[in-house]
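Some notes on the structure that comes next.
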Amino acid sequence: MKKSDVPQDKSNLESANIKDMYYALDDNGNYITELSTGWNPKTIALDNAIKEIEERVENAKKRVLNNETSPVEYYMELHKMDLTILSSYVGFWKWRVKRHFKPSVFNKLKTKTLQKYADVFDITIKQLQDMNQ
Amino acid sequence: MEIKFTHKQSAHCENGVVSNLMRHNGFEVSEPMVFGIGSGLLFSYLPFLKVNHAPVFTYRVMPGLIFNRFAKRVGIKIKREKFKNLKVAKARLDEYLEKDNPVGLQVGVYNLPYFPEEYRFHFNAHNLVVYGKENNTYLISDPVMEAVTTLSDSELEKVRFAKGAFAPKGHIFCPIAFPEKLNLEKAIVKGIKRTCRDMTAPLPIVGVKAIRWVAQNIRKWPKKLGPKRANHYLGQIVRMQEEIGTGGGGFRYIYAAFLQEAGQLLKNDKLSELSEEMTAIGDQWRDFAIEASRIYKKRSDQTDAYNKVADQLLVIANKEESFFKALKKSI
């Protein structure tokens with residue numbers, strides 16, 4: 001890729017003042033570095049991935065409201081986590097976290113256990129028990 | 001206290017940290033040089049491992065490997081430590097800074113406040129340099145940022161003890177012993193040989209064989225996974241290929257820059273020629289990304305379109321196979 005071909009598309013990098021660094025060729029065929037504001041094919045992929053996460057969060061929220069799952073799953077999705085990541089943060093086995101997704105089990109959890117989840121999600125126990133708070 | 005430290009932005013965090021720490025200790029080694037000597041280039045496909053609900057595709061070696069190989073090949077010593085106790089981890093960092101030693105840290109990206117929200121995923125193998133401390137604020141040189149930045153002690157603790165895959169566990173590293181003169185020539189040859197070996201390895205999950213395996217799977221995705229997941233998987237490939245830190249084209253341009261520099265250093269014209277070839281291969285990866293983005297932009301499920309990008313990957317695989325065979329012969 002030539003220096004002049006380094007893409008300068010609009011992207012959300014701008015908001016954080018970050019620029020992407022490319023290695024490209026100058027007019028004499030020597031490698032140099034050049035900053036880029038973004039590239040559309042990449043931006044679209046990222047946007048789609050973000051939308052996918054938002055859908056997962058929405059979906060989890062609905063299921064909490066229908067009493068099909070507990071707020072633990074909702075907050076897990078909200079923090080872009082999966083079962084493996086959440087289980088390593090709270091320090092429980094995966095099957096235990098999964099069990100805490102059951103509303104009946106979640107409603108009987110001890111304060112100590114709830115506090116662990118609340119700490120990981122950086123919220124209060126009240127917020128954990130009621131997503132709308 | 002602030003240690004005099006020159007921050008230089010780089011494409012990739014690991015090369016950048018190494019290159020910046022080396023400069024601080026009086027050795028000017030470019031980012032592509034670190035990447036090439038550390039045999040950073042790769043392609044790997046791990047369909048049984050999922051990140052962000054899609055398989056793992058990677059264009060580089062495992063985190064930490066570049067620095068380790070580089071150190072071994074040029075003859076420097078690195079001291080590395082991981083911690084269970086948060087307080088001990090902090091004390092050790094402060095100790096280094098008091099002795100005027102800037103140090104490298106492995107951190108998780110998810111809680112890095114200066115990263116844009118959209119880029120904050122649970123990725124734990126980011127690297128940065130701490131070069132000082134003022135009150136409770138640490139001075140940070142993050143190689144993917146244009147300028148230096150800061151983190152409070154609680155922010156730094158959070159990212160140092162991120163959890164999940166590749167959890168950093170407070171990982172701290174610092175080069176402690178250097179040879180009188182770096183023997184780059186020998187190290188370059190070693191680095192190139194290893195990359196050639198990995199890229200042509202007879203295993204389905206690494207090198208050109210992995211590229212072919214991905215191509216084979218892509219053809220099946222629209223039917224097997226449905227348009228939504230198939231699109232998501234394709235997006236994941238492009239993101240891994242073009243994410244911040246790749247220098248474009250899945251690290252192929254950085255590698256081309258390395259070959260150019262190595263060709264001049266070793267006075268080997270063949271390497272300079274191969275550098276041009278690698279640039280062309282990088283361009284083809286970019287074309288593949290453009291074609292793939294057309295699919296997921298339209299959220300298409302047309303098998304024809306998937307077959308087309310799969311064909312592109314096969315062409316790239318063939319090119320890379322002959323390329324690495326030629327590269328092996330050239331040194």
Side-chain angles (χ1 to χ4, degrees), chain A residues 1-3 5-7 9 11-26 28-36 38-56 76-77 79-92 119-120 122, chain B residues 9-12 31-32 50-54 110 114-122 144-147 162-165 167 228 231-232 234-239 241-249 253-258 260-261 275-276 279 282-283 286 289-290 292-294 296-297 299:
Chain A
M1 185 166 43
K2 289 200 181 113
K3 187 184 166 198
D5 295 332
V6 170
D9 299 340
S11 80
N12 30 28
L13 282 175
E14 211 183 336
S15 61
N17 245 332
I18 293 186
K19 276 186 187 152
D20 219 348
M21 191 181 248
Y22 276 78
Y23 277 81
L25 295 167
D26 68 8
N28 303 320
N30 292 320
Y31 260 98
I32 44 133
T33 59
E34 175 76 353
L35 294 177
S36 155
W39 192 41
N40 283 337
K42 176 165 109 173
T43 308
I44 303 167
L46 184 62
D47 287 349
N48 283 352
I50 300 285
K51 260 181 225 149
E52 168 117 3
I53 291 169
E54 285 167 358
E55 275 169 35
R56 294 183 79 93
M76 175 184 88
E77 294 291 354
H79 284 263
K80 300 179 190 164
M81 293 178 175
D82 59 21
L83 208 53
T84 316
I85 297 172
L86 177 56
S87 90
S88 78
Y89 266 102
V90 285
F92 300 148
D119 287 345
V120 168
D122 210 5
Chain B
Q9 188 183 4
S10 63
H12 187 250
E31 173 184 18
K50 298 276 198 294
V51 168
N52 300 325
H53 312 282
Y110 186 70
Y114 54 79
F115 259 41
E117 170 70 32
E118 297 89 340
Y119 281 84
R120 283 160 60 181
F121 287 93
H122 293 274
V144 306
M145 306 286 289
E146 267 185 279
K163 300 276 169 61
K228 208 173 160 205
N231 275 306
H232 180 59
L234 262 192
Q236 175 104 331
I237 303 184
V238 173
R239 279 179 57 210
Q241 181 187 314
E242 300 296 334
E243 203 48 279
I244 295 186
T246 60
Y253 294 136
I254 296 189
Y255 202 71
F258 158 68
Q260 188 174 64
E261 205 182 325
S275 163
E276 284 171 31
T279 306
D283 290 343
R286 300 281 287 183
I290 293 172
S293 75
R294 290 207 174 108
Y296 56 68
K297 192 178 177 185
R299 300 185 175 259

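To find a chain, count down the sequence lines: A is the first, B the second, and so on, and within it residues start at 1.
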Side-chain donor/acceptor pairs under 3.5 Å, residues 46-54 of chain A, sequence neighbours excluded:
residue	atom	partner	partner atom	Å
A/N48	OD1	B/R299	NH2	3.4
A/N48	ND2	B/Y296	O	3.3

Spacing of [atom1] belonging to [X] relative to [atom2] belonging to [Y], to within rounding of 0.5 Å:
{"X": "A/M76", "Y": "A/M81", "atom1": "CE", "atom2": "CE", "result": "9.5 Å"}
{"X": "A/S11", "Y": "A/K42", "atom1": "OG", "atom2": "NZ", "result": "7.5 Å"}
{"X": "B/Y253", "Y": "A/Y31", "atom1": "OH", "atom2": "OH", "result": "7.0 Å"}
{"X": "B/Q9", "Y": "A/T33", "atom1": "CD", "atom2": "OG1", "result": "8.0 Å"}
{"X": "A/M21", "Y": "B/E146", "atom1": "CE", "atom2": "CD", "result": "8.0 Å"}
{"X": "A/S36", "Y": "A/L13", "atom1": "OG", "atom2": "CG", "result": "7.5 Å"}

Structural part of [X] lying under 4.5 Å from a heavy atom of chain A:
{"X": "B/A292", "value": "neither"}
{"X": "B/R286", "value": "both"}
{"X": "B/E242", "value": "both"}
{"X": "B/A256", "value": "both"}
{"X": "B/H53", "value": "side chain"}
{"X": "B/Q260", "value": "side chain"}
{"X": "B/Y110", "value": "side chain"}
{"X": "B/E117", "value": "both"}

As an exercise: rank [options] by heavy-atom pairs under 4.5 Å with chain A and give me the winner.
{"options": "B/I290, B/N231, B/N52", "value": "B/I290"}
{"options": "B/G164, B/P116, B/G235, B/G248", "value": "B/P116"}
{"options": "B/S275, B/A165, B/S10", "value": "B/S10"}
{"options": "B/K228, B/Q241, B/R294, B/Q236", "value": "B/K228"}
{"options": "B/H232, B/E243, B/K297", "value": "B/H232"}
{"options": "B/G245, B/G247, B/A147, B/A54", "value": "B/G247"}

Largest heavy-atom contact set with chain B, pairs under 4.5 Å, which of A/L86, A/I44, A/V120, A/D82: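 The residue among A/L86, A/I44, A/V120, A/D82 with the greatest pair count is A/I44.
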Flag if over 12 foreign heavy atoms under 6.0 Å of NZ, A/K2: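 It does not: A/K2 NZ has 12 such atoms or fewer within range.
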Donor-acceptor under 3.5 Å (A/D26 side chain, A/N28 main chain):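 Checked: pair present.
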Exam field: side chain A/K3 to backbone A/E34, donor-acceptor pair closer than 3.5 Å: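 Not confirmed, A/K3 side chain does not pair with A/E34 backbone.
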B/K163 vs A/I85 side-chain heavy atoms within contact, under 4.5 Å: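 Not touching, per the 4.5 Å side-chain cut-off.
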Part of A/N40 lying under 4.5 Å from any heavy atom of chain B: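 Neither part, no heavy atoms under 4.5 Å.
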Chain B contact via A/L35 - which portion, at a heavy-atom distance below 4.5 Å: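 Only the side chain of A/L35 comes within 4.5 Å of chain B.
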